[in-house]
Amino acid sequence: MSSSYMHGHHASVLRSHSWRTVENSCPHLLPYLNKSDLRILDVGCGPGTITADLAARVPDGSVLGIDPSIEVIEKARKYAEDQGVKNVRFELGDIFNWKQVTGIEKESFDVVHAHQVLQHLEDPLKAMGKFKELVKVGGVVAVRDVDYSAMNHYPDHPGLHKWKKTYIEVAQGLGFDPNIGKRLHAVAMEAGFPRSDIDATVGNWVFSTPDEREFWCGLWAERTLKSEFRDKVIKGNHGTQADLEELSQAWKEMEKKDDGWFLVIHGEVICHRRA
Ligand SMILES: C[S@@+](CC[C@H](N)C(=O)[O-])C[C@H]1O[C@@H](n2cnc3c(N)ncnc32)[C@H](O)[C@@H]1O
């Protein structure tokens with residue numbers, strides 16, 4: 001694997017990934033899922049809930065999910081089996097070494113999709129170049145990623161500003177861009193897509209109802225103390241155990257606020273491969 005995934009795959013991390021569907025995580029792609037026999041590649045598929053949902057929407061087509069973590073690939077296979085989705089396959093794979101994955105050839109996919117993957121790569125431009133290589137002429141590359149710097153919340157809480165600052169420092173310290181959502185179009189242009197062939201939009205997640213706050217704030221309260229993020233904070237000298245406990249407490253307080261509101265902003269691009 002070319003870049004280690006900074007959160008690891010602790011249960012609190014996977015809980016956040018396993019809630020994801022096409023509707024809540026790739027609405028920008030929906031208009032392009034307009035034929036039942038599409039061939040789709042989902043890069044960095046994680047536990048595969050988006051991937052399986054994509055497959056269910058192209059019943060005569062096929063979807064391949066790749067991820068360098070065997071732990072999530074096994075979870076994804078089990079998830080698809082439990083859902084009875086047959087036209088999906090999950091393989092261990094790194095986008096930078098796609099030639100090692102059976103069933104991937106150049107210009108062979110109608111859709112190459114990546115959700116919240118580029119923010120975890122040291123070389124997102126190279127990855128975008130690979131996506132472009134793999135999509136057919138006439139197909140689309142669909143990418144969505146976060147801009148941590150643009151996340152927001154209400155009521156104001158200093159602990160959540162500190163969490164955001166710490167998160168951005170940790171990710172940047174590892175050589176990643178946690179704010180890449182705002183420049184996906186620029187990365188696509190640098191990878192060779194003309195600006196006129198790129199649709200750039202924004203998609204949000206808002207966590208505000210008691211259930212939504214319990215889900216999002218609750219999982220971050222846990223992730224802050226238990227996932228690999230914790231180790232990266234300590235080892236990278238971005239904070240102490242006491243700082244982490246303060247961040248976790250901030251999330252717990254936001255969860256309990258009746259008028260609490262947390263916004264996650266994503267940049268989205270659809271890149272049309274015309275030639
Ligand atoms: C934030 S998770 C997103 C998972 C999934 N796309 C989703 O939104 O639920 C990022 C995933 O990218 C994977 N990843 C990291 N480096 C990768 C690489 N070089 N090639 C493919 N996937 C990679 C990680 O293992 C991790 O599962």
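For ligands, and for the atoms within them, numbers begin at 1 and follow the listed sequence. This one's a predicted model, so the numbers in the text were calculated from it and none came from an experiment.
Taking every heavy atom of His120 and a limit of under 4.0 angstrom, the matching atoms of ligand 1 come to 1 (C), 10 (C). The atoms of ligand 1 that sit less than 4.0 Å from any heavy atom of Phe96 are 19 (N).
Side chains of Ser208 and Arg213: no donor on one and acceptor on the other come within 3.5 Å. Residues Glu253 and Gln249 have side chains that bring a donor and an acceptor to within less than 3.5 angstrom of each other. Neither side chain, Asp199 nor His185, offers a donor N or O lying under 3.5 Å from an acceptor on the other. Asp67 and Ser69 are not linked by any side-chain donor-acceptor pair at a separation below 3.5 angstrom, with hydrogens and angles left out of the test. Counted by atom type alone, Lys75 and Ser18 present zero donor-acceptor pairs between their side chains at under 3.5 Å.
Between the Asp37 side chain and the Asp60 main chain, no donor and acceptor come within less than 3.5 Å of each other.
The N/O atoms of Asp67, backbone and side chain alike, include one that comes under 3.5 Å of an N/O atom in ligand 1. No N or O atom of Pro47 sits closer than 3.5 Å to an N or O atom of ligand 1. The shortest N or O to N or O distance between Arg20 and ligand 1 is under 3.5 Å. Close N/O approach between Gln116 and ligand 1 is not found [any backbone or side-chain N/O within under 3.5 Å].
With a 4.0 Å heavy-atom cut-off, ligand 1 is reached by no atom of Thr49. Of all the heavy atoms of Ala114, none lies under 4.0 Å from any atom of ligand 1, so neither backbone nor side chain is involved. At a 4.0 Å heavy-atom cut-off, ligand 1 touches Ile50 through the side chain alone.
Closest to atom 19 (N) of ligand 1 by heavy atom, among Asp94, Ile73, Val101, is Asp94. Nearest-heavy-atom check against atom 6 (N) of ligand 1 across Ala76, Gly46, Gly44 picks out Gly44. Considering only non-hydrogen atoms, atom 23 (C) of ligand 1 lies nearest to Pro68 out of Pro68, Gly65, Gly93.
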Item to check | Residues His115, Asp145; criterion side-chain hydrogen bond (donor to acceptor under 3.5 Å, both in side chains); working and verdict | outcome: CA-CA 6 Å; His115 182 255; Asp145 231 303; over 6 Å; no
Next on the checklist: Please determine whether ring pair (Phe, Tyr, Trp, His ring centres under 6.0 Å) holds for the pair Tyr167 and Tyr148, giving the CA-CA distance in whole Å, both sets of side-chain angles, and the decisive distance to 0.1 Å.
Outcome noted: CA-CA 8 Å; Tyr167 184 96; Tyr148 272 81; 3.9 Å; yes
Item to check | Full working for ring pair (Phe, Tyr, Trp, His ring centres under 6.0 Å) between Phe207 and Trp220 | outcome: CA-CA 12 Å; Phe207 302 99; Trp220 266 107; over 10 Å; no
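For the ligand labelled ligand 1, residue Ser25 lies outside the 4.0 Å heavy-atom shell.
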